[in-house]
Colleague: 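Next up is a structure, given as structure tokens.
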Amino acid sequence: MSRFIIIFTVVLVGLFTLEMLDSVQAAAIQPFTSWLATISAGIIMPFDDGVIAYGRVIEHTAAQFAVSIEAGCNGVEATIVLIAGVLAFPATWMQKLAAILLGFLAVQAMNILRIISLFYLGQWDLAMFTWTHLYIWPVLIMLDVLIVFIVYLRYLSRQQAAVVPI
Amino acid sequence: MKPPTVRRFFGFVVLLLPTAFIIWHALGSVLAAPVVWVAGELLQWWLPELISEVTLDGTRMIIAASVGELNGAILPAAEAGNQLAFQLDTRTLTYSIPFYAALHFATPMESTLERFARGLLILWLLVIVGLVCTALKDLMLGLGDTFFEVQGLPPAAAIALTYQFSVLMVPPVAPVLLWAFEARNLGLFPQLIDKPAARQAQSESPDG
């Protein structure tokens, strides 16, 4: 348990600090966030032709409402938590890598759902948008991370059961 | 107590979350008051040159600075003829409480209220740290050079990083870690991570 806590904390704080560096923000985080905005808009556009995306902004031209995806809204922090948990738990490197990649996809799928839901919620009621954005969605995203991590632990447990020596 | 299955556990959590958030919203300043009081005392003790008063307005922590602004210059409040104030939304930190409550009460355990109270105390301590970090960031951005004239303050990068960490990471992660720590020996974890599968495979092997 103490080994898990130490590795988890070191990786969590280390990756978070790395993410906050200006150079990392400019080279990786901001382009990724723009890409996330484009993907989200790409999912909405076939159903709503009033939507455009530029940079980190998704705008509804008819409703005259726009959201900008900022640091803390791109799922990167949730992914860092998942990476810290996976790296801290004993497994092979292939298992860890697979868990991080699949977990990243699960977190981002949830995050795109979050962006789209907030985009429409904001057009309906700004107070509800603020409340959901600041308090509800961070919890749901972290719950998603927890589910992914528990599923990963179950997978590891079954793998161990399958290779019990005879 | 019989541990729940994974689906049932997460189902309970999802069912409990709306109730927990409604109670948290209704309690409002009751949950914020203790942490704002402690954070306010800490800030006034640490930065008496900059802070004259810290109060609670609903769920907002109001920091009244002992300086004001006149023609773009930061001056003592008496000279400036006004007083700068900063407001912090405590809910951006205390939403960890309903999240923890949902995880905690979805997990069957002995002395559940006592354990919840201990967890709540730890979350309150983390919220105090978060409020202090947020206040430092707001004062740094609002007061500029005047802020750094105070001796013994951390560098700007450290203030920025601890603020980001305490707002972006701590509120969603701390409840999960607290819950995992208290549930680790309660039979839930082996059930969640499918230890029975491992035991079953072991018992079915020829040599047991």
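Just so you know, these numbers come straight off a predicted model, no measurement behind them. Protein chains get the first letters and strands the later ones, always in sequence-line order, with residue 1 at the start of each.
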Colleague: Could you tell me which portion of Val13(B) (side chain, backbone, both or neither) has an atom closer than 4.5 angstrom to a non-hydrogen atom of chain A?
Modeller: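 Contact with chain A involves the side chain of Val13(B) alone.
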Colleague: Below 4.5 Å, heavy-atom pairs only: which of Val145(A), Ile136(A), Leu156(A), Leu140(A) has the largest tally toward chain B?
Modeller: Ile136(A)
Colleague: Heavy-atom distances under 4.5 Å only: say whether Ile141(A) touches chain B with side chain, backbone, both or neither.
Modeller: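 For Ile141(A), no heavy atom lies under 4.5 Å from chain B.
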Colleague: Please say which of Phe116(B), Phe99(B), Phe105(B), Phe9(B) ends up in a ring-ring contact (aromatic ring centres under 6.0 Å, His included) with Trp179(B).
Modeller: Phe9(B)
Colleague: Less than 6.0 Å separating the ring centroids of Phe16(A) and Phe165(B)?
Modeller: yes
Colleague: Please classify the contact of Leu143(A) with chain B as side chain, backbone, both or neither, using a heavy-atom distance under 4.5 Å.
Modeller: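 Leu143(A) touches chain B through backbone and side-chain heavy atoms alike.
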Colleague: Which bit of Tyr152(A) comes within less than 4.5 Å of chain B, counting heavy atoms only: side chain, backbone, both or neither?
Modeller: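 Neither part.
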Colleague: Can the positive tip of Arg91(B) be found less than 6.0 Å from the middle of the six-membered ring of Trp24(B), inside 45° of the ring normal?
Modeller: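 Yes, Arg91(B) lies over the aromatic ring of Trp24(B).
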Colleague: Find out whether Met61(B) and Gln87(B) are in side-chain contact, i.e. whether some heavy atom of one side chain is under 4.5 Å from a heavy atom of the other.
Modeller: no
Colleague: Taking Leu103(B), Thr94(B), Asp89(B), Val167(B) one by one, which has the highest count of heavy-atom pairs under 4.5 Å against chain A?
Modeller: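 Going by pairs under 4.5 Å, I would pick Asp89(B).
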Colleague: Output all residues satisfying side chain to side chain contact (heavy atoms under 4.5 Å, CB included) with Phe86(B), sequence neighbours left out; order by chain, then residue number.
Modeller: Ile63(B), Ala65(B), Leu84(B), Asp138(B), Leu139(B), Leu143(B)
